[in-house]
Chemist: 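Questions regarding the structure given below will be posed in turn.
Here, residue 1 is the first one in the sequence, and each next residue gets the next number.
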Amino acid sequence: MQLKKSLNIVLKIVLPALIFVVSIGFVSKKQNEVLCKKIIINIKNQQGNFFINEADINGLLTNNGNEMVMNLPYENFKLKDLEERVNAHKFIQTAEVYRDLAGNMMVDAVQARPIARIFNPNGADHYISDQGKILPVSDRFTARVMVLSGEFFKPYLENDMLKDDAGKDLFNFIKFIEQDKFWSAQFAQLEVDDRGIINIYPQVTKQLIEFGTVYNYSDKLSKLKIFYDKILPDRGWNRYDRVNLQFKEQIICE
């Protein structure tokens with residue numbers, strides 16, 4: 001009698017669990033057998049810069065048409081592998097590949113956004129993204145961004161701007177300019193030597209701006225704003241050939 005009672009208790013506990021595990025396995029198998037019906041791609045952060053499009057991402061997913069995914073069961077490929085393939089593209093900041101309940105393959109991608117272009121006289125130019133990453137230029141599209149030049153950038157071309165403190169400091173300055181409507185409209189080019197000394201070439205006026213290092217750059221920009229607002233309107237927009245901001249509480253105009 002006691003044995004029968006114990007057996008009934010075991011069956012009440014084990015049998016539902018066993019049914020649950022079998023059901024999960026059955027559902028999982030059925031899900032893996034679902035066909036990839038459609039690829040739906042959503043690209044964010046383009047903001048007028050079209051360095052990558054849906055056709056490019058389709059090419060990454062199918063290895064340029066050499067690997068089929070459409071109308072194949074999901075068990076034939078790994079979504080994680082496809083996601084890594086998309087994320088490996090230089091102009092993809094981040095991407096997620098998954099499937100919805102209808103069997104569609106969903107790709108949510110965020111495009112890397114260039115904020116400046118590095119002029120490289122000895123090779124290919126590069127962009128700097130808003131995340132500090134070094135990006136290649138594109139034959140398809142050219143971003144209208146500030147130009148950077150000088151020996152400072154050579155060590156960063158194969159890495160990114162965040163690899164050391166000097167790169168981070170200059171990147172933060174570049175990003176500040178790009179995000180400020182006034183300064184981004186004023187500056188055409190930053191020339192930075194191997195010591196981090198900056199010369200700025202403006203968009204409109206002819207003065208070379210001897211800026212110095214990025215140290216205390218907000219104070220230097222405040223002095224430059226005084227130069228634009230008060231000195232140039234009074235003395236003439238093209239009277240001076242250069243303006244030096246490197247010395248504390250001084251604006252030297254020549």
Chemist: side-chain hydrogen bond (donor to acceptor under 3.5 Å, both in side chains) between Asn216 and Asp219: does it pass, once the steps are laid out?
Modeler: CA-CA 6 Å; Asn216 236 3; Asp219 288 345; 3.2 Å; yes

Chemist: Check for me whether the distance between the ring centres of Phe173 and Phe211 falls short of 6.0 Å.
Modeler: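 Distance test on ring centres: under 6.0 Å, yes.
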
Chemist: Between the main-chain N or O of Gln250 and the side-chain N or O of Lys223, is there a donor-acceptor pair closer than 3.5 Å?
Modeler: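 Present.
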
Chemist: I'd like to know if the side chain of Asp193 reaches the main chain of Ile197, judged simply by a donor and an acceptor atom lying under 3.5 Å from each other, with no hydrogens or angles considered.
Modeler: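 Yes, Asp193 side chain to Ile197 backbone: donor-acceptor pair under 3.5 Å.
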
Chemist: For Ile52 and Arg140, which heavy atoms make the closest approach, and how far apart are they?
Modeler: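 Minimum heavy-atom separation between Ile52 and Arg140: CA-NH1, 3.8 Å.
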
Chemist: State whether the side chain of Asp56 and the backbone N or O of Asn53 hold a donor-acceptor pair below 3.5 Å, judged by distance alone.
Modeler: yes

Chemist: Restricting to non-hydrogen atoms, name the atom on Pro114 and the atom on Val145 that form the minimum distance, rounded to 0.1 Å.
Modeler: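 Closest approach of Pro114 to Val145: O-CG1, 3.7 Å.
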
Chemist: Okay, side chain of Asn45, backbone of Gln111: is any donor-acceptor separation there less than 3.5 Å?
Modeler: yes

Chemist: Short question: side chain of Gln93, backbone of Val110 - any donor-acceptor pair under 3.5 Å?
Modeler: no

Chemist: Which class fits the ring pair Phe227 and Tyr240: parallel under 30°, tilted 30 to 60°, perpendicular over 60°?
Modeler: tilted

Chemist: Identify the two heavy atoms, one from Ala109 and one from Ile92, that lie closest to each other, and give their separation to 0.1 Å.
Modeler: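 Heavy-atom minimum between the residues: CB-CD1, 4.0 Å.
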
Chemist: I'd like to know if the side chain of Asp180 and the backbone of Trp183 have a donor-acceptor N/O pair within less than 3.5 Å.
Modeler: yes

Chemist: Look at Glu178 together with Lys175 and state whether they make a salt bridge at an N to O cut-off of under 4.0 Å.
Modeler: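 So Glu178 does not pair with Lys175 through a salt bridge.
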
Chemist: Would you please indicate if the ring centroids of Phe153 and Phe119 are separated by under 6.0 Å?
Modeler: no

Chemist: Using modelled atom types only, decide if a donor and an acceptor are shared between the side chain of Asp125 and the backbone of Asn120 within a distance under 3.5 Å.
Modeler: yes

Chemist: Any non-hydrogen side-chain atom of Asn244 less than 4.5 Å from a side-chain atom of Arg242?
Modeler: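 They are in contact (side-chain heavy atoms under 4.5 Å apart), so the answer is yes.
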
Chemist: Determine the minimum heavy-atom distance between Lys38 and Met70, stating which atoms define it.
Modeler: CA-SD, 3.8 Å

Chemist: May I have the step-by-step check of ring-ring contact (aromatic ring centres under 6.0 Å, His included) for Tyr201 and Phe187, ending in yes or no?
Modeler: CA-CA 6 Å; Tyr201 297 87; Phe187 298 158; over 10 Å; no

Chemist: Looking at Gln207 and Leu232, what are the two nearest heavy atoms and their distance?
Modeler: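 For Gln207 and Leu232, the tightest heavy-atom pair comes out as NE2-CD2, 3.7 Å.
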
Chemist: For the pair Asp100 (side chain) and Asn104 (backbone), establish whether a donor and an acceptor sit closer than 3.5 Å, ignoring hydrogens and angles.
Modeler: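 Yes, Asp100 side chain to Asn104 backbone: donor-acceptor pair under 3.5 Å.
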
Chemist: Are any side-chain N or O atoms of Lys220 and backbone N or O atoms of Thr213, one a donor and one an acceptor, separated by less than 3.5 Å?
Modeler: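 Checked: pair present.
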
Chemist: So Leu148 and Arg117, do their side chains get closer than 4.5 Å, heavy atoms only?
Modeler: no

Chemist: Could you tell me which residues satisfy salt bridge (charged side-chain N to carboxylate O under 4.0 Å, His left out) with Asp241, sequence neighbours excluded, listed by chain and number?
Modeler: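 Asp241 satisfies salt bridge (charged side-chain N to carboxylate O under 4.0 Å, His left out) with Lys206 once adjacent residues are dropped.
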
Chemist: Any salt bridge between Arg239 and Asp234, counting N to O under 4.0 Å?
Modeler: no

Chemist: Please report the shortest heavy-atom distance between Ile134 and Lys90, naming the atom on each side.
Modeler: O-NZ, 3.8 Å

Chemist: Measure from the side-chain N and O atoms of Tyr127 to the backbone N and O of Ala143, and report whether any donor-acceptor pair falls under 3.5 Å.
Modeler: yes

Chemist: Please identify which of these residues, Leu208, Asn199, Ile200, meets the side chain to side chain contact (heavy atoms under 4.5 Å, CB included) condition with Glu191.
Modeler: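 Passing option: Asn199.
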
Chemist: Is atom NZ of Lys230 surrounded by more than 12 heavy atoms (other residues, nucleotides or ligands) closer than 6.0 Å?
Modeler: no

Chemist: Between Gln189 and Ser149, is any side-chain donor less than 3.5 angstrom from a side-chain acceptor?
Modeler: yes

